[in-house]
Amino acid sequence: MATAQDIIQDAFQRIGLYAAGEPITTADANRGLQVLNDMLDSWSNEQLFCYANLEQTITLVPGQSQYTMGPGGNGADVRPLSLRYGPGAAYVTDQNGDIYYVEVITQDVYNQIGYRLSTSNIPDTIFYNPQYPLGVITVFPKPSIGYTLSFDSFLQISDFASLTTAFGLPQGYRRAMVLSLGLELWPEYKSEGLEPTQLLLRAERDAKRAIKITNSKPVTAVFDPAIVSRAQTSYNIYRGR
């Protein structure tokens with residue numbers, strides 16, 4: 001199985017710094033690892049690089065409305081970059097396994113809630129504030145029963161802990177990583193004024209685009225039928241009615 005070292009080695013070869021099969025120095029390998037992890041952190045901020053949803057759960061505490069997300073928080077150990085919106089993105093589960101759907105709202109909508117101290121057996125709304133290092137999920141109304149809250153967030157791309165960390169991402173990511181890392185390293189290792197070839201730039205662009213096309217998900221528009229007028233007859237342009 002490929003490792004971070006293999007990806008870095010291939011990236012240096014792509015830009016012609018090392019010949020095929022030539023081992024890279026320890027200093028270059030460590031620098032490559034740092035740049036690779038910085039690049040993956042940046043990718044995590046692009047939703048189309050996130051290949052899967054991460055469903056996270058919180059056990060709600062009666063009377064508690066806010067839960068901190070991240071290492072050391074009182075909610076979940078993973079801090080979401082952002083939550084997904086739309087029908088089915090969040091729900092609560094009671095002791096019998098029955099599910100009640102919850103709406104995920106933005107801050108501007110949350111700011112319009114006047115009385116935030118109200119309580120209910122079943123909360124119907126959550127708002128996520130992506131503070132750092134701990135994000136904050138606010139549940140409304142305050143739960144009076146310790147149900148389980150589940151919600152979908154965007155899956156972050158994990159960093160490589162070391163050069164020997166195994167690569168474990170879906171098809172297409174390895175090629176995109178190698179090509180993109182090569183371009184990230186280019187300014188540090190190539191002569192000033194020497195630009196990457198159009199072939200390399202096009203290959204990197206195509207590799208990333210293929211991933212985003214695969215990860216794109218259809219968006220279905222929803223509306224309240226009660227507020228949409230429905231004409232009983234068609235309009236006739238000759239009669240004007």
Side-chain angles (χ1 to χ4, degrees), residues 33-94 99-162 165 168-170 173 177 208 211-212 215-217 219 222:
L33 180 64
Q34 181 180 357
V35 175
L36 174 60
N37 283 334
D38 288 344
M39 184 184 76
L40 295 181
D41 283 344
S42 178
W43 282 15
S44 288
N45 287 317
E46 297 188 49
Q47 294 181 357
L48 288 180
F49 273 121
C50 301
Y51 59 88
N53 293 335
L54 175 64
E55 184 176 75
Q56 298 178 262
T57 60
I58 297 175
T59 300
L60 299 180
V61 178
Q64 179 177 325
S65 62
Q66 292 194 330
Y67 302 82
T68 50
M69 308 292 292
N74 61 12
D77 290 335
V78 178
R79 173 189 172 273
L81 290 175
S82 61
L83 303 190
R84 289 194 176 274
Y85 294 87
Y91 58 92
V92 293
T93 309
D94 66 15
I99 290 176
Y100 306 90
Y101 292 103
V102 172
E103 182 181 8
V104 183
I105 62 173
T106 56
Q107 181 158 10
D108 58 330
V109 178
Y110 175 74
N111 291 342
Q112 298 177 53
I113 298 176
Y115 185 67
R116 301 175 184 176
L117 299 179
S118 60
T119 61
S120 172
N121 289 349
I122 305 173
D124 57 21
T125 303
I126 62 172
F127 157 63
Y128 178 58
N129 186 348
Q131 299 180 22
Y132 189 84
L134 296 177
V136 179
I137 283 185
T138 301
V139 179
F140 178 83
K142 288 183 179 181
S144 57
I145 299 177
Y147 289 161
T148 299
L149 169 67
S150 302
F151 53 90
D152 292 336
S153 61
F154 290 98
L155 179 65
Q156 301 180 36
I157 301 176
S158 299
D159 292 350
F160 289 93
S162 68
T165 301
L169 291 173
Y173 276 83
M177 279 187 187
K208 291 169 68 175
I211 290 175
K212 294 181 178 182
N215 292 343
S216 63
K217 298 174 177 61
V219 177
V222 294

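The figures that follow rest on heavy atoms only: side chains count, while hydrogens, waters and symmetry mates do not. Note that this is a predicted model, so its numbers are computed, not measured.
- The shortest distance between side-chain heavy atoms of Arg79 and Pro130 falls below 4.5 Å.
- Of the possible polar contacts, none joining the Asn129 side chain to the Val136 backbone as a donor-acceptor pair under 3.5 Å is found.
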Residues Asp124, Ile122; criterion side chain to side chain contact (heavy atoms under 4.5 Å, CB included); working and verdict: CA-CA 6 Å; Asp124 57 21; Ile122 305 173; over 6 Å; no
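- The CD atom of Gln34 sits 5.5 Å away from atom CG of Asp38, with the distance rounded to the nearest 0.5 Å.
- Closest heavy-atom contact between Gly135 and Tyr128: CA-OH, 3.6 Å.
- Looking at Gln64, its side chain does come within 3.5 Å of a backbone N or O of Gln66 through a donor-acceptor pair.
- A pairwise comparison of heavy atoms in Val104 and Tyr85 identifies O-CD2, 3.2 Å as the closest pair.
- Under the ring-ring contact (aromatic ring centres under 6.0 Å, His included) criterion, Phe127 pairs with Tyr110, sequence neighbours left out.
- You'll find the side chain of Tyr51 stays beyond 4.5 Å of the side chain of Ile211, heavy atoms only.
- The two residues Pro71 and Leu134 come nearest to each other via the heavy atoms O-CD2, 3.5 Å.
- Considering only heavy atoms from C-beta on, Asn215 stays 4.5 Å or farther from Cys50 through its side chain.
- Note: Tyr91 and Tyr101 have perpendicular aromatic rings, judged against thresholds of 30 and 60 degrees for the angle between ring planes.
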Using the rule given for side chain to side chain contact (heavy atoms under 4.5 Å, CB included), can you reason through Leu83 versus Ile126, listing the C-alpha separation, both sets of side-chain angles and the distance that settles it, and then say yes or no? CA-CA 10 Å; Leu83 303 190; Ile126 62 172; 4.0 Å; yes
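- Taking a 6.0 Å sphere around OH of Tyr100, one finds it holds more than 12 heavy atoms contributed by other residues, nucleotides or ligands.
- Contact annotation: the side chain of Leu81 never approaches that of Ser153 to less than 4.5 Å [non-hydrogen atoms, C-beta and beyond].
- Within the structure, salt bridge (Lys or Arg N to Asp or Glu O under 4.0 Å) contacts touching residues 45-67 (residues at least two apart or in different chains) are Glu46-Lys212.
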Identify each donor-acceptor pair in which a side-chain atom of residues 142-151 lies under 3.5 Å from a protein atom, sequence neighbours left out, and give them as a table.
unit_1	atom_1	unit_2	atom_2	d
Ser144	OG	Ser120	O	3.2
Ser144	OG	Asn121	N	3.3
Ser144	OG	Asn121	OD1	2.6

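- Contact check for Pro80 versus Gln56: side-chain heavy atoms found under the 4.5 Å cut-off.
- Taking the side chain as every heavy atom from C-beta outward, Val109 and Glu103 never approach each other to under 4.5 Å.
- Looking at Ile105 and Ile113, their side chains come closer than 4.5 Å, going by heavy atoms from C-beta outward.
- Of the possible donor and acceptor atoms, one in the side chain of Ser44 sits under 3.5 Å from a partner among the backbone N and O of Leu40.
- With a 4.5 Å cut-off on side-chain heavy atoms, Gln131 and Thr68 do not count as touching.
- When all heavy atoms are compared, the tightest approach of Val92 to Pro123 is CG1-CG, 4.2 Å.
- Distance check, rounded to the nearest 0.5 Å: OH of Tyr67 to OG1 of Thr59 gives 9.0 Å.
- Phe140 and Tyr115 make their closest contact through CE1-O, 3.3 Å (heavy atoms, listed as atom of the first residue, atom of the second, distance).
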